[in-house]
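Notes for the one structure printed next.
Proteins get letters first, then strands, A, B, ... in listed order; numbering begins at 1 in each. Just so we're clear, the structure is a prediction, and the values are computed from it rather than from any experiment.
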Amino acid sequence: MGYALRPPIILLKEGTDTSQGKAQLISNINACEALVDTIRTTLGPRGMDKLIVDGKGKVTISNDGATIMKLLDVVHPAGHVLVDIAKSQDAEIGDGTTSVVLLAGAFLKECKPFIEEAVHPQVIVRSFRLATQLALNRIDEVAVKHSFKDPTEKRALLEKVAFTSMSSKLISTHKEFFSKLVVNAVSVLNADLPLDMIGIKKVPGGSFESSFLVRGVAFKKAFSYAGFEMAPKKYDNPLVCLLNIELELKAERDNAEIRVDNVEEYQRIVDAEWTILYQKLQRIVESGAKVVLSKLPIGDVATQFFADRDVFCAGRIPDDDMRRTAKACSGSVQTSVGNLGPSLGRCGLFEEIQIGGERFNIFSDCPQTQTCTLILRGGADQFIAETERSLHDAIMVVRRTLKNEAVVAGGGAIEMELSRYLREYSRTVAGKSQMLIAAYAKALEAIPRQLCENAGFDSTNILNLLRNKHHNGGLWYGIDITTEGIADNYQRFVWEPAVMKINVLKAAAEAACVVLTVDETVKNPKCQDDVSQQAARKGRAGGVPR
Amino acid sequence: MSLLFDEYGLPFIVVRDQEQKQRLKGVDAVKSHILAARNVANILKSSLGPKGLDKIMVNSDGEVTVTNDGATILKMMDVRHQVAKLLVELSQSQDDEVGDGTTSVVVLAGALLEQAEALLDKGIHPVRIADGFSMAAEICCRHLETISDEVEVSSERKTALVEVAMTALGSKIVSRCHRQIATIAVDAVLAGIKMADLERKDVDFELIKVEGKVGGKMEETTLVKGVVVDKGFSHPQMSKELKNAKIAILTCPFEPPKPKTKNTLSIKSVEDYEKLHNYERKTFEDMIGHVKKSGANIVCCQWGFDDEANHMLLQSSLHAIRWVGGSEMELVAIASGGRIVPRFEELTREKLGSAGIIREIQFGTTKDSMIFIESCANSRAVTIFVRGGNKMIVEEGKRSIHDALCVTRNLVKDNRIVYGGGSAEISCAIKINAEADKIATLEQYAIRVFGDALESVPIALSENSGFPAITTLANVKTLQISTNNPHLGIDCLKRGTYDMKEQRVIETLIGKQQQIMLATQVVKMILKIDDVIANEI
């Protein structure tokens, strides 16, 4: 009787999901492992792709860790940490997105026995942080720093790096071709290497090899009015006028109304409207511009006016294309036609050509080209989309390497080396830390192990060979994917930028530590509707009115 | 996707709506994809070649399409399966790029996947199969180059062009009069490039219009060196034929101009009303005056005009066409060498276009009429006017002409050819089998089966022609090896020789290479997928 009367203490909103303690921690780790399992098979040159259909029926076929994680639509709070590190790796480095998730998962998996044995998570975190620091130092120590003065050698280095990044993708059989393309594209840029100055245009049809690089800007022919086809399609050395004005007959102000009292006035008003437009057009033509681009629409009258005077025009040009054109032709986008002279750009060659089923406008041979456009071809949309993602990764890696020229050998070589180093170090420390650092070292082996498994190799055997080799000083020995054995991957030019590995380690360790230090999840009900729905459902099921 | 449980038996959800997602993993996924793709390929198989059959497709609105064009069939089939969709896009991209060979590319992809399945059962890693396929495709493309011939392409020597177009049309419904249609297509393309673009090798299809009209016979299909406008003259009393036309091409309507800004004109007295009336009349007169002054005798107007204006035009003995569409306006302008004029005030003699003859032609007993603008100053813009017994034939005729136009363009771009009738495929298969033995790694198996897959095209060709497929193929193959002649193929039309060079069955080299590369790429992509995560829809 007594306890029935005691009012319950309500701390949180009804429907709030709370779970805590060791069980929660283990459950979080399991969730992360489940996620890692999903993308595990995409790692490495023999990795497979995923086909993901989202709620709207859109299909994505990808091998890129970050893309897959994004599309999986993860709701588990701990799983979200992994999605975030994949995204951050993508933003920061561009490549290695699968590795970072895989490594974080491996760290967590190695911790699980310790958590079950009731080692305090903070102890684990402390040791992991130490181990990460040591590993980073070791990368710095062993990374090979190139500081090429000779541009051809530098180019070779960049191509090698792009090569490695692309070897796991769909386009791997054409990686020689694409690595040249990527390096050419990056080398066009100025010292800041702005990514948005590399435009990527996708044109379905054709095969990979018909992709090409335009040193300048290319974009799809915009919607055009009658008269457009009459304009010439090729100009040598034209002046380019970039505008942000609507060149159309239009009401000057939306709310304006003209009251006319007599008929003579009427004609004058009509003439006035035309004069406004014609003056604008006349000014543009007088400035000597041969190519007129506008962010806003160019109407039929203007199109015909220009065509009549052999001037090419295109309206509704997307903003980023506009900006890149401005950069390429060293002109600037104008919002009035007042004083066009100095703002005009110039390019060596402008033409409109047919690419696949589309017509493209291409500006090339610009005086100070610091922008370029990759035209990608391929059999299907998903195809080109995946090519774009792969090239994005490669471009990012090349940019990174240009800024920071240290490289390490890939194919599991650097991971095995760090693992050996940490294992040896662990024997010199006393206490729990020893076990934990050894666990960390073991987790690092997850990457070469996965590479083997994806290729269908005997991972235990190959890892044993590698451990042996690294113990005997074979610094850069890693997996040789073609012969099912081990080889010196530095000699084989499987090179990756050191920054990428550093970032992978940092992010993965950080993510693992975050998951480890969480021991309670409080999940608020989403919104009032949700709760009432839940209540309704419960009501129906249980038949107990609340 | 099933629920996950941790060791305490509590379920946890990692991915949103986890229970509703379907997931297929590993070899099962690859195999189910292969099955789907093969089904699609099997549907298309029977339309391959000159004896291939057509498909009839009824869409949800009850519209009927009869076609033999692979890309069209797949587009209309409205495929749901993800992987089958890839094949649809494959044939679509072959259509965009080459225009022809849309069926064979799908058949080839299906055959490659069928062969890959056997290798998967042997336990070969899918990525290695894919690698082997792309190595084989490389070998193929190089081999095709060695067996290709160069033909001369110019506006005088167009035999080769016509033959290529004829091969493309061979399997179509129009094959009855395919030499005529092939010549039309070639002339159309050559007219388009005659001017300045021969060195750029850029053929702008926007200048070649394909118009169709139901009625008449397929043989009556003609090439109009000018423009056909699906309109009549605006006034029935205008004469039906006009020689030495001077065309005023206008984008402004025959009516008093209106300011775009919202306006009100308030009329307070009868005199004002009178004035307004006179003003309107005067503007009409001015407009016609402008047209007259420029020397034009026909007006081609983008907009309409009312009966009053129509009447005044007739009185001033001006011909007029109203409501001409934007793209037609443009073609008229290009063909006649005129300028599109947005205002009457700007109309001058220099801006008029000229045409030798403009005719209004009525068809059969219907009231439909069309205007033919011919013998223009500039013959770059041409129109192919397709006739046929019913709508389906006209539509299929248009598609076939598109194919023929595309192959002709390709040959203009690159004048190398290979011989058809499956001869190129058989020759590649022989080459690949010889090369396969030189490769040390696992990919050898994949390369070998690539050769077998290539043979699926000649097999389908002879099956469709009613020959014993395997025997015929074996015959041709031994003949190719013993005589060392890569031009031997399947004699679908029973002409008595296997030599396609004699039969003049020719295809473009880029078309064939493109087919092989595209099919390999798609197969590679399908083989690489080992995991499908799909929302149930």
Side-chain angles (χ1 to χ4, degrees), chain A residues 23 26-27 30-31 34-35 41 46 48-55 57 59 61 72-76 79 170 173 204-208 225-227 229-230 249-252 256-263 266 269-270 273 300-301 304 308 353-354 356-357 378-383 455-456, chain B residues 4 6-8 10 12-16 82 85-86 89-90 93 96-97 125-127 131 134 202 204 206 251 257-266 272 275-276 279 302 326-327 329-330 333-334 339-343 441 514 517-518 521-522 524-525 528-535 537:
Chain A
I26 300 274
S27 151
N30 284 345
L35 251 184
T41 54
R46 295 270 186 265
M48 304 286 274
D49 292 359
K50 309 271 162 201
L51 188 152
I52 300 170
V53 187
D54 69 7
V59 180
I61 297 177
L72 273 178
D73 202 0
V74 173
V75 287
H76 195 280
L170 193 66
T173 36
S207 58
F208 289 144
Y225 285 97
E229 291 298 328
M230 295 192 339
L249 270 186
K250 64 164 206 179
E252 280 302 304
E257 186 181 301
I258 309 174
R259 283 171 204 276
V260 190
D261 281 338
N262 58 36
V263 177
Y266 199 79
I269 288 164
V270 174
E273 273 189 353
D300 48 353
V301 175
Q304 288 143 17
D308 199 16
I353 59 166
Q354 182 98 22
D381 283 344
Q382 286 94 329
F383 236 75
Chain B
L4 292 162
D6 60 13
E7 39 255 70
Y8 302 94
L10 301 168
F12 62 91
I13 291 171
V14 184
V15 173
R16 192 187 305 277
Q82 303 311 333
K85 263 192 198 151
L86 279 179
E89 276 178 31
L90 164 73
S93 81
D96 288 346
E97 193 68 12
H125 196 281
V127 176
D131 284 354
S134 46
D202 175 32
D204 193 343
E206 298 200 6
T251 48
K258 287 193 198 92
K260 286 242 174 173
T261 310
K262 204 156 97 189
N263 60 73
T264 36
L265 177 61
S266 38
D272 273 352
K275 257 192 204 161
L276 180 67
Y279 168 72
Q302 192 173 16
S327 61
M329 289 286 282
E330 218 164 354
I334 292 171
R339 295 288 193 182
I340 296 176
V341 178
R343 287 187 86 185
T441 46
Q514 199 68 246
M517 293 314 279
L518 280 178
Q521 277 170 16
V522 168
K524 223 175 118 181
M525 183 165 215
K528 267 195 93 181
I529 300 170
D530 78 329
D531 200 343
V532 181
I533 300 163
N535 269 324
I537 309 161

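Between chain A and the residues B/Q514, B/M525, B/M517, the most heavy-atom pairs under 4.5 angstrom are made by B/M525. Here B/K528 is the residue among B/K85, B/K275, B/H125, B/K528 with the most heavy-atom pairs under 4.5 Å with chain A. The candidate with the highest count of non-hydrogen atom pairs below 4.5 Å against chain A, out of B/V341, B/I529, B/L276, is B/I529.
Taking CD from B/E330 and CD from A/Q304, the interatomic distance works out to 8.5 Å, rounded to the nearest 0.5 Å. Considering CG of A/D49 and NZ of B/K524, their distance stands at 10.0 Å, rounded to 0.5 Å.
Checked against A/L51 for a side chain to side chain contact (heavy atoms under 4.5 Å, CB included), the options B/I533, B/V532, B/D531 give a single hit: B/V532.
The shortest side-chain heavy-atom distance between A/I61 and B/L86 falls under the 4.5 Å cut-off.
Using a cut-off of 4.0 Å between Lys/Arg side-chain N and Asp/Glu carboxylate O, A/R46 and B/D131 are scored as salt-bridged.
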